[in-house]
Amino acid sequence: MTFSKLTLYLVASAAFFTAGTLAQAETIKVGVIATFSGPNAIWGKQFREAIDVYVAQHGDEVGGHKIQFIYKDVGGPNADASKAAAQELLVREGVKYLAGFDFTPNAVAVAPLTKQAKVPAVIFNAGTSSINKQSEFFLRTSFTLAQLAQPAAEWAAKNGSKKVITAVSDYNPGIDAETAFAASFEKNGGTVLEKIRMPLQTNDFAPFLQRIKNSGADTVFTFLPVGPATFAFTKAYNENGLKAAGVSFIGNGETDETTLDALGDQAIGLVTAYHYSDVHESGLNKSFVAKLKELHPGSRANMASVGAYDGAELIYRMIKAAGTDGTKAIEAAKGMEWESPRGPVKMDPVSRTVVQNVYLRRVEKGADGKLVNREFATVPNVPDLGFNP
Amino acid sequence: MSLILSIVVDGVAYGMILFMISVGLSITMGLMRIINLAHGGFALLGGAAVHLLTTRLDVAFVPAFLVAVLAVVLVSVLLERLLYRHIYGFNELGQVLATIGIVFIMIATVNLFLGSTILPLGAPAIFTTPIDLGFRTLPFHRLVVIISGLLVLAGLWFLMEKTRFGIYLRAAVDNRVAAASLGINTPLVYLVAFALGAGLAAVGGILGAELLPIEAYYPLRYMVLFLIVVSVGGLGSISGSFLASIGLGILDTAGRYLLPGVGTIFFFVAIVVLLALRPNGLMGKAQ
């Protein structure tokens, strides 16, 4: 009995040490969970292309480890598929880092798994503040809605807006944006006349905009998901004569680079508060955009690209600092600072979301005739304002 | 008062777009009795063709529009000859599966060549100019859509009720064997009706793109909307589709003006009530 116990111990420890030494030479796998098919496939595409750029610029080796990215498609906002994908990546593929997560429910679904497996998960997009409370293994390189809506409100209040109507899509991110904007706008002396929540599946926004026009508001703040809804909303804003009547527009991601061309000239002059523009003036951004164009002609960098690019940077840094030890990697990540294509960023040790500059941008025609988001004011070092631990 | 006028104007404009897109479906699904879920696909192809011609090849909007509709009609003729001819004989489930497969092929093709983001149509600048109606402004393209919708309605009514083709089509769908034995070339009648439905889908897709923008997943995104119009209007009834479109347009718009928070639920509840009272739709014939 004693003998067999001893053997077991010896075998177990031998296995452990062999595994340990093997891990040193092994490739470290990073599982990227995102949407690569269906109407939201653009997310996965942008993530993957940005990671391609990062790997092309920095190589696929760090600290003696070879890095391999494995992509898993979950086909859209689908919590169950996301959880299943994470399970498969962790158990079958043995990934040591998770990444991706375009939609909030997809991130929330893997929270228990990250805690159980002690595997860091880097969120490239999902922007609801509460996500990072679900697991201490979540890190976020995108943004949160409070982080964007609050600077937007402050800027609007200081630049002539007195009476505002908020018009947001009726879903969690929209309500987050509405709450953050309204609270901050009122604190800065403005009045919120009305808060309109518009159905998510609507494409005819004329009634809402007509209502806003008739209300006597001088500004409309909006948050809508990128895609057909944004397109129709900005169109209705112009066509119902709000622009002509002098009602200012302030949004967040409505003029995203991937849909900006589709919006066309009617988008010129729209003001948004956001953390990234593909024409951000910095050498690093120029080389990032140039490499992306070289590897994937026809692609345009947007906030999903920069979220994934910085996510890859963060993962490389964690691997350098802690190898495959997830708990150590998270500790190392807290407070990390680096230069991103969007400007300086820092991992907030408490909220584990990047602290970053928020820029006020206006849509203009660029040198090549394409529309761009030109930054004209900066609110420096904004943390996730919606995180209360 | 101006609120009621606004609701009517916006509702009619929105309803007319719904009519333009779904009237073709009413022909294939209602008159020909084939469950054609690929209908939105033809609207997508029409829009994608205009996008290619206007933004990539610098063709003006009107010729691009005509070429695109013609191209969709040609594609639909080919598809009818090669695929749909067999699908007519399937049972309902078979038709659903086959046509949804065709939708996926169309989506994948557009996605492969043009990507999954919105495809802008290079519409002339006058389309977006606001027209002042006195109590409010309305973009010019909505007027174009309203007028086109009325023209299509009149043209279809004339075609179905007053021409030999209309008589042949109604005879062919009611009893194909009897019609054929009377010397009506039923395969040709089906081909023309199918091409007409696809062509109308393309017209509706292009003109409606200001409201329902063209992108690869267009057919799936709006499929439910088109099916609602046809089922509320009654299968095979063009005037029913028209009434349903305008009614639903006004209902939906009124919901948005008066109850912005719960407008959508209101819309679906109204449809459920209507279908409970009239299971065959507003103008549906008893099966």
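Chain naming here is simple, since letters A, B, ... match the order of the sequence lines and numbering starts at 1 in each. All values reported here derive from a predicted model rather than from experimental measurement. Quick note: numbers below take in every heavy atom, side chains included, and nothing from hydrogens, waters or symmetry partners.
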Go through the atoms of [X] and report whether side chain, backbone, both or neither lie under 4.5 Å from a heavy atom of chain B.
X: A:Asp261; value: backbone
X: A:Lys213; value: side chain
X: A:Ile42; value: both

[atom1]-[atom2] distance between [X] and [Y], expressed to the nearest 0.5 angstrom:
X: B:His141; Y: A:Glu239; atom1: NE2; atom2: CD; result: 3.5 Å
X: A:Lys45; Y: B:Asn111; atom1: NZ; atom2: CG; result: 10.0 Å
X: A:Ser37; Y: B:Ile107; atom1: OG; atom2: CD1; result: 11.5 Å
X: B:Asp10; Y: A:Phe205; atom1: CG; atom2: CZ; result: 13.0 Å

Options A:Pro228, A:Gly264, A:Ala206, A:Ala236, ranked by heavy-atom pairs under 4.5 Å with chain B, top entry |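 Sorted descending by pairs with chain B, the first entry is A:Pro228.
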Picking from B:Leu121, B:Ile118, B:Thr55, B:Ile7, which has the most non-hydrogen pairs under 4.5 angstrom with chain A?
->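 Of B:Leu121, B:Ile118, B:Thr55, B:Ile7, B:Ile118 has the most heavy-atom pairs under 4.5 Å with chain A.
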For each of B:His51, B:Glu210, B:Arg142, B:Glu215, tally heavy-atom pairs with chain A at distances under 4.5 Å, and name the one with the top tally.
->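 That would be B:Glu210.
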If you look at every heavy atom in A:Ala232 and B:Leu211, which pair is closest and at what distance?
->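 Shortest heavy-atom separation between A:Ala232 and B:Leu211 comes out as CB-O, 4.3 Å.
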B:Tyr217 to A:Pro39 - nearest heavy-atom pair and separation |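 Result for this residue pair: CD1-CA, 3.5 Å.
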Toward chain A, the part of B:Tyr222 with a non-hydrogen atom under 4.5 Å =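 The answer is the side chain of B:Tyr222.
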Would you say B:Tyr257's side chain and A:Arg211's backbone share a donor-acceptor pair under 3.5 angstrom?
->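 No, B:Tyr257 side chain to A:Arg211 backbone: no donor-acceptor pair under 3.5 Å.
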Using modelled atom types only, decide if a donor and an acceptor are shared between the side chain of B:Arg256 and the backbone of A:Asp204 within a distance under 3.5 Å.
->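 Judged by distance alone, yes, a pair lies under 3.5 Å.
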For A:Lys163, look at atom NZ and say whether over 12 heavy atoms of other residues, nucleotides or ligands are found less than 6.0 Å away.
->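 Atom NZ in A:Lys163 is not packed in, count stays at 12 or less.
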